[in-house]
Number of protein chains: 2
Amino acid sequence: MTQDAILRSLIADNLVSDPSGARGRLLREAARLFRDKGYERTTVRDLAAAVGIQSGSLFHHFRTKEEILKAVMVETIRLNTALMQAAMDKESTCYGKLRALIRAELEFINGQTGEAMAVLVYEWRSLSEASQLEVLELRDIYEQLWLDVLSTMKSEGSLKAEPFVVRRMLTGALSWTVTWYRPDGGLSLDGLTDQVVAMMGLTK
Amino acid sequence: MTQDAILRSLIADNLVSDPSGARGRLLREAARLFRDKGYERTTVRDLAAAVGIQSGSLFHHFRTKEEILKAVMVETIRLNTALMQAAMDKESTCYGKLRALIRAELEFINGQTGEAMAVLVYEWRSLSEASQLEVLELRDIYEQLWLDVLSTMKSEGSLKAEPFVVRRMLTGALSWTVTWYRPDGGLSLDGLTDQVVAMMGLTK
DNA sequence: CAATACCAAGCAAGCGCTTGGTTTGTAAAC
DNA sequence: GTTTACAAACCAAGCGCTTGCTTGGTATTG
């Protein structure tokens with residue numbers, strides 16, 4: 001199943017918005033604005049202007065501004081969880097699976113969904129508590145993929161530290177790449193993945 | 001030189017505010033509010049109420065709200081750079097120095113200056129470009145301490161990866177601990193430091 | 001001809017910051 | 001040891017502007 005097929009399947013199930021539709025386009029622009037200026041500094045007028053409509057017209061698609069933020073986060077997690085699951089299923093060894101997870105997350109953070117991933121990290125506090133709980137449920141599914149692999153590696157002896165500590169260190173290290181890594185520099189995404197794996201003292 | 005002596009020395013040179021003074025108290029409350037609610041969501045009325053004055057009275061101490069944010073960042077970097085330098089100078093080996101740096105930064109992030117350190121990471125975009133440049137200069141001094149040690153280790157062969165990549169991975173991993181690490185849990189700061197060092201494949 | 005998508009206008013609330021005047025702390029002058 | 005002088009710290013009030021969101025009406029589409 002290709003990445004595109006996964007996206008189309010999620011669109012068909014109404015789990016993520018079609019990027020070419022009105023709603024999808026707005027969410028993409030919203031992610032970009034939220035990352036560049038922050039959620040609070042981005043006004044509904046900014047959002048409307050980005051897709052070429054009046055600010056009031058936004059509220060036919062979303063009831064509140066916060067609902068837009070939540071949608072950005074929810075759809076991003078849904079898509080990336082599915083993509084990550086697929087990337088992992090292609091691998092047979094634990095080492096291969098972990099490398100696939102790292103490679104996939106680096107791609108989420110520095111690729112197409114980079115804006116939305118940054119929003120997920122930096123704008124968490126701007127979500128109401130109710131929305132946070134909702135998004136957290138989806139996030140738990142995503143995190144469980146990591147913990148399963150890391151736990152197996154721990155019990156096999158190829159990992160010394162605690163799986164949940166390792167995952168958290170990786171979360172920080174990988175998401176921070178958004179502040180400095182540029183794909184067009186001298187380091188490819190595969191090269192970056194190599195450095196992360198090497199840093200963990202892992203060998204194939 | 002004790003940590004307290006370093007603080008007093010900086011206060012005497014007017015590089016950081018006395019925490020017991022009016023200005024210092026405000027900056028501490030500001031750091032807490034900015035971390036908890038974000039800079040934009042924190043109003044000047046919130047800030048004033050936190051130290052028991054009227055909102056207008058704030059502007060006798062700071063010309064703008066942004067100046068408060070900048071002061072939080074600047075004073076934090078000044079203090080922590082001095083503390084870190086002192087912690088490093090006590091060590092003679094590169095391994096010892098790096099461990100001291102990691103240990104110190106974990107302490108900054110999860111100890112007394114934790115609120116301010118989180119602000120430094122999460123509220124960077126809320127600074128005007130002019131202020132960003134100003135803070136960046138101080139930050140460079142801080143970062144150079146890390147790069148010097150890591151570069152020496154690289155040339156000695158005890159570090160395989162690129163120093164600047166390693167530093168950036170560490171920045172992300174360590175600062176992310178603020179979202180999950182609790183000192184009163186089962187893991188001490190020294191234990192956490194051990195896990196980081198072990199994760200890097202380093203041995204004494 | 002209904003439903004959907006949108007516009008033009010604007011409201012109520014909250015924002016950062018200003019203003020003019022009062023209190024408080026301090027230290028020299030008498 | 002009281003008085004005088006003065007600046008720093010603060011208050012009460014509110015201005016001008018921006019914000020998220022609403023409203024009533026008009027195109028567009030199947």
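Nothing here was measured: the structure is a model prediction, and the numbers come from that model. A note on names: the letters A, B, ... follow the listed sequences, proteins ahead of strands, and every chain is numbered from 1.
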>> Check this for me: does any side-chain nitrogen of one of A:D18 and A:R8 sit under 4.0 Å from a carboxylate oxygen of the other?
In response: no
For the pair made of [atom1] in [X] and [atom2] in [N], what is the distance, rounded to whole Å?
{"X": "B:K37", "N": "C:dG14", "atom1": "NZ", "atom2": "P", "value": "13 Å"}
{"X": "B:F62", "N": "D:dA9", "atom1": "CZ", "atom2": "P", "value": "11 Å"}
{"X": "A:D46", "N": "D:dC21", "atom1": "CG", "atom2": "P", "value": "14 Å"}
{"X": "B:K65", "N": "C:dC17", "atom1": "NZ", "atom2": "P", "value": "8 Å"}
{"X": "B:L58", "N": "D:dA12", "atom1": "CG", "atom2": "P", "value": "15 Å"}
{"X": "A:R41", "N": "C:dG16", "atom1": "CZ", "atom2": "C1'", "value": "12 Å"}
{"X": "A:F59", "N": "D:dG24", "atom1": "CZ", "atom2": "P", "value": "17 Å"}
{"X": "A:R63", "N": "D:dT22", "atom1": "CZ", "atom2": "C1'", "value": "15 Å"}

Got [X] and [Y] here, is their nearest side-chain heavy-atom distance under 4.5 Å?
{"X": "B:W146", "Y": "B:L98", "result": "yes"}
{"X": "A:Y39", "Y": "B:R41", "result": "yes"}
{"X": "B:N80", "Y": "B:L83", "result": "yes"}

For nucleotides 5-7 of chain C, which of its nitrogen or oxygen atoms have a protein nitrogen or oxygen under 3.5 Å away, and what is each distance?
| unit_1 | atom_1 | unit_2 | atom_2 | d |
| --- | --- | --- | --- | --- |
| C:dC6 | OP2 | A:H61 | NE2 | 2.8 |
| C:dC6 | N4 | A:H60 | NE2 | 2.4 |
| C:dC7 | OP2 | A:Q54 | N | 2.6 |
| C:dC7 | OP2 | A:S57 | OG | 3.0 |

> Heavy-atom count around A:Q112 CD within 6.0 Å, excluding the residue itself: above 12?
Replying inline: no
>> Once hydrogens and angles are ignored, does a donor-acceptor distance under 3.5 Å link the base of C:dG14 to the side chain of B:R45?
In response: no
